[in-house]
Amino acid sequence: MKIVVIGGTGLIGSKLVVKLSDAGHEALPASPDTGVNTITGEGLAGALEGARVVVDVANAPAWDDAAVMEFFQTSTRNMLAAEAVAGVRHHVALSVVGTDRLPDSGYFRAKVAQEVLVKAGAVPYTILRASQFFEFIGRIVDSSTDDGKTVRLAPVFVQPESADDVAAALADVAVKEPVNGIIELGGPEQFRLDELARRLLAAKNDSRPVTADVHALYFGTELDDHSLTPGSDARIAPTRFEDWLSASRAGTLAPTTRS
């Protein structure tokens, strides 16, 4: 089966392409690096020729309110139009747990707009909302460092999983029938966000102190205890934080600025 992965050269996309290829599918990574641009439409029609499934894991290159909204709306519209012409039977979109609970964040408003377009489109779909993955905690930390030295985070619950587990869930969803709805994915453990950040920084010998602040903003919005946690019917990914951390230490632990 030909499956096109939009954003297929990024963190999640590259892992997904490998998993699909190992399962015997024709997995095509599509991104500006491979000559496919969903904003301009360049290369899109050719990439989708003969494709049965499209998985969209692309993320916006800029996160200011106007730019991120423009990216997700334009990219999604162009994809869905090209998929309808190509006869694609399943559109899978990666979104974020809590997206519809955080309207004060420009990023999450843009993800809601993306989901609305997918739901209204002509192509059968599945939306996978994943909680924060371990590899993204470093970016959260960096975005919450207010004076270059102190990290301020709301002490709310998070239920993260590994990027590899996200890719595995997407690979499973992609080869099944569309649900025309939303599936949530979370990790096997819940943490307080500030405590998880402390553990990650300690593992990286990063001396920045982490302060719990209930009013600390998360990409432009305040949080309550369960803004970022999935519901009781979520799929549960298998990898525990300490296991991921041990595996990361065995290689080179990613810098905190990478997502």
Side-chain angles (χ1 to χ4, degrees), residues 1 3 5 7-25 27 29 53 55-59 90 92-99 101 111 125-141 156-179 181-204 225-256 258-259:
M1 182 192 309
I3 302 173
V5 181
T9 57
L11 173 63
I12 301 296
S14 59
K15 292 177 180 293
L16 176 57
V17 167
V18 170
K19 290 182 184 300
L20 291 170
S21 298
D22 287 348
H25 300 288
V53 180
V55 184
D56 178 17
V57 298
N59 209 350
H90 190 182
V92 179
L94 178 61
S95 192
V96 186
V97 165
T99 285
R101 301 195 291 263
K111 292 299 290 183
Y125 71 91
T126 302
I127 296 170
L128 179 71
R129 285 184 180 171
S131 56
Q132 296 72 24
F133 34 94
F134 300 136
E135 292 86 345
F136 188 65
I137 304 301
R139 182 165 183 173
I140 295 172
V141 167
V156 300
F157 287 108
V158 291
Q159 195 171 327
E161 72 284 290
S162 72
D164 198 63
D165 287 343
V166 175
L170 286 165
D172 178 64
V173 166
V175 300
K176 291 182 176 177
E177 291 299 311
V179 302
I182 295 170
I183 297 171
E184 288 192 321
L185 176 71
E189 306 163 284
Q190 284 195 354
F191 306 88
R192 293 285 184 176
L193 179 58
D194 58 317
E195 180 56 29
L196 184 62
R198 289 188 193 96
R199 291 171 67 174
L200 183 65
L201 291 177
K204 297 184 178 187
D225 256 4
H226 291 284
S227 293
L228 303 177
T229 56
S232 59
D233 59 346
R235 292 190 181 192
I236 302 301
T239 306
R240 300 174 71 86
F241 177 69
E242 285 299 331
D243 294 333
W244 171 82
L245 198 57
S246 295
S248 298
R249 287 194 184 107
T252 301
L253 201 60
T256 57
R258 294 189 62 183
S259 61

>> Using the rule given for side chain to side chain contact (heavy atoms under 4.5 Å, CB included), can you reason through Arg235 versus Asp172, listing the C-alpha separation, both sets of side-chain angles and the distance that settles it, and then say yes or no?
In response: CA-CA 12 Å; Arg235 292 190 181 192; Asp172 178 64; 2.8 Å; yes
Main-chain N/O of [Y] paired to [X] side chain as donor or acceptor, under 3.5 Å:
| X | Y | answer |
| --- | --- | --- |
| Ser131 | Val97 | no |
| Thr239 | Trp244 | no |
| His90 | Lys176 | yes |
| Gln159 | Gly187 | yes |
| Arg101 | Ser227 | yes |

Are any non-hydrogen side-chain atoms of [X] and [Y] less than 4.5 angstrom apart?
| X | Y | result |
| --- | --- | --- |
| Leu196 | Leu200 | no |
| His226 | Gln190 | yes |
| Ile3 | Leu16 | no |
| Leu185 | Pro230 | no |
| Pro160 | Phe191 | yes |

>> Please evaluate residues Val175 and Val53 with respect to the criterion side chain to side chain contact (heavy atoms under 4.5 Å, CB included), reporting the C-alpha separation (whole Å), side-chain torsions for both, the decisive distance (0.1 Å), and the verdict.
In response: CA-CA 8 Å; Val175 300; Val53 180; over 6 Å; no
Measuring from [X]:[atom1] to [Y]:[atom2], what's the distance to the nearest 0.5 Å?
| X | Y | atom1 | atom2 | result |
| --- | --- | --- | --- | --- |
| Leu128 | Glu184 | CG | CD | 9.0 Å |
| Thr9 | Ile12 | OG1 | CD1 | 12.5 Å |
| Ser162 | Arg240 | OG | CZ | 13.0 Å |
| Gln132 | Glu161 | CD | CD | 8.0 Å |

